[in-house]
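Encoded as structure tokens, the structure appears first; notes follow it.
In this text the structure is predicted, and so the values were computed from the model without any measurement. Both ligands and their constituent atoms are indexed starting at 1 by order of listing.
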Amino acid sequence: MTTEPVAAEAGRDFIRDIVQADLSSNKHSRIVTRFPPEPNGYLHIGHAKSIALNFGIAQEFGGKCHLRFDDTNPTREEQEYIDSIQADVHWLGYDWGTDLYYASDYFDRLYDWAEGLIKAGHAYVDDQSQEEIRVSRGTLTEPGKNSPFRDRAVDENLDLFRRMKAGEFPNGARVLRARIDMASGNINLRDPVLYRILHAEHPRTGTKWSIYPSYDYAHGQSDAIEGITHSICTLEFEDHRPLYEWLLDKLPVPSKPRQYEFARLNLTYTLLSKRVLTQLVRDGHVSGWDDPRMPTIAGLKRRGVPPAAVREFVKRIGVAKANSVVDVGMLEFCIREHLNRTAQRRMAVLRPLKVVIENYPEGQTEELEAINHPDDPAAGTRKIAFGRELYIERDDFMENPPKKFFRLSPGNEVRLRYAYFVKCTGVIKNDAGDVVELRCTYDPATKGGNAPDGRKVKATMHWLSAKDSVPAEIRVYNQLFANPSPNASNFAADLNAESLEVLPDARIEPSVAADNSNEVMQFERQGYFVRDRDFAPGKPVFNRTIGLRDTFAKEVGGKG
Ligand code: ATP
Ligand code: MG
């Protein structure tokens, strides 16, 4: 695991090299790739890697990339997922144009081709149960056993397959299997299942079908029908490639795509499995698929992560042939780097402590000039109101400070950013002994934050006027998991109990509350924040996109 971002070689990787070679040798005149999600959940940052690879290659080499829904399992698929996937691909900055497809569009053709396989003796109907099939498939070291139905006559196979299609048999009663080799060293070639019986309504084909093709049968043939040149998938499909090729070889397909495999994205402190993400939502561990703690595209978006930062992250991690785990710190680095350049600065007090400036005239206010971006003069300035009553950050005061604490404490002088030097002269406590208010004095000669006599202070703090600031709810997020490598099979035990902190009494500049944009802002010294969709008139709500520094790994003592 590395924390420091490694610069990927200017967009080159082994897949792009293959594509380049295939164009140079005229094997293909135009590249066609595809992104093939199953609509059984929302997309996550791992999918973003695949999207950026497939759409990126199409863009860079003047080809095109299809969006194809791999909708072969109607029991788990929903329209909500189809819609969210399209929105998320667009949000990432990619477009499929008119090339939107569904594997279910090919069900008729796939069925006809399956009959063709039966007629040629390459497929048979097996009456064994799922369990019998599993057991007789053998292991990595032992060959499988032929099914007693393997040598059925072609006519009987055809008749049974047609009756499977007609809905005559219950779920699980029979399957159609390819007739390849039960002793093959590759288990995927031991007579894999091509069709199973499933009496389920499909979002697109309704009740037309009682049988549905397997992933292996549908996927390659869909690629071939669409003229995909490079079918790019993750490494776990490497062992499926011989089956992919066997099917293309036996069927009258219109083109012969090639499959290439790359390493899937794994991130520390993160689980990227749709099963786990679905469970997190269903069990209420998060507020939904777009909870800002989720590694989903929808969650990143709601958290305020700019799509360009996701694209930059994916570019930096590159495309490799060996699986590895990327430090989530690298994603955070890309987010901070982008936002540091683009986000305007504002002031907000997350956990307010009231301060009364005793020598500041009662009823008086004045406007001070604050800069919107330290590196971008074009971003301009804005006015912020100063007055007798202010809020500072509770953490910026200590009654009995340790030696290295330079912020506000009794008798100590600090700078209030853009305003004045102030000195703490008194502490007011409630009955429980908690500090509830500070008394300070200010030096009118230090307006703008510098002393004419040249005296220095060691701390500059943010603040807001009590009267001229607005209350807001701020939601501070941390990693969803406390364990750098959460256990996917018992993930609840690895959840971070402090992944969400709600600050209901925060204060923000009035202009921030009035701003209707969804731009991410830097709240000085605190991090980057964006308005949440729960934001309502009179009830501003903000999400913390990310803090200014990576403190999390230190807090949990993790970090490999
Ligand atoms: P699950 O998360 O349950 O394993 P899946 O992620 O494979 O499901 P699909 O909808 O089939 O879900 O994925 C669509 C595409 O995204 C596939 O081509 C898959 O290889 C790719 N993909 C999925 N997860 C990752 C990942 N972590 N890194 C890179 N690519 C991924
Ligand atoms: Mg999959």
Measuring from atom 31 (C) of ligand 1, which candidate in Gly46, Ser273, Ser231, Gly41 has the nearest non-hydrogen atom? Gly46
Polar atom proximity, Thr234 to ligand 1 (N or O, under 3.5 Å): yes
Indicate yes or no: does an N/O atom of Phe237 lie under 3.5 Å from an N/O atom of ligand 1? no
Looking at Ser50, which atoms of ligand 1 are within less than 4.0 Å of one of its heavy atoms? 16 (O), 21 (C), 30 (N)
Is there any N or O on Glu38 that sits under 3.5 Å from an N or O of ligand 1? yes
Report yes or no: does a heavy atom of Glu236 sit under 4.0 Å from some atom of ligand 1? no
Reference residue Asp191; test side-chain hydrogen bond (donor to acceptor under 3.5 Å, both in side chains); the match among Arg137, Arg150, Arg179: Arg150
Is it true that atom NZ of Lys250 has more than 12 heavy atoms of other residues, nucleotides or ligands lying nearer than 6.0 Å? yes
Ignoring angles and geometry beyond distance, decide whether Phe35 reaches within less than 3.5 Å of ligand 1 through its nitrogen or oxygen atoms. no
Quick one: which of Arg34, Lys274, His47 has a heavy atom closest to atom 1 (P) of ligand 1? Lys274
Less than 4.5 Å apart, any side-chain heavy atom of Arg163 and any of Arg174? no
Minimum distance, heavy atoms only, to atom 18 (O) of ligand 1: which one of Ala48, Pro39, Pro36 is it? Pro36
Counting each atom of ligand 1 from 1 as listed, which ones have a heavy atom of Pro37 under 4.0 Å away? 10 (O), 14 (C)
Would you please classify the geometry between the Tyr195 ring and the Tyr111 ring as parallel, tilted or perpendicular, with 30° and 60° separating the classes? perpendicular
Can you confirm whether Val32 sits close enough to Pro257 that some side-chain heavy atom of one is under 4.5 Å from a side-chain heavy atom of the other? no
In terms of the angle between their ring planes, are His230 and Tyr260 parallel, tilted or perpendicular, with boundaries placed at 30° and 60°? parallel
Anything under 30° is parallel, anything over 60° is perpendicular, the rest tilted; go ahead and classify Tyr215 against His240. perpendicular
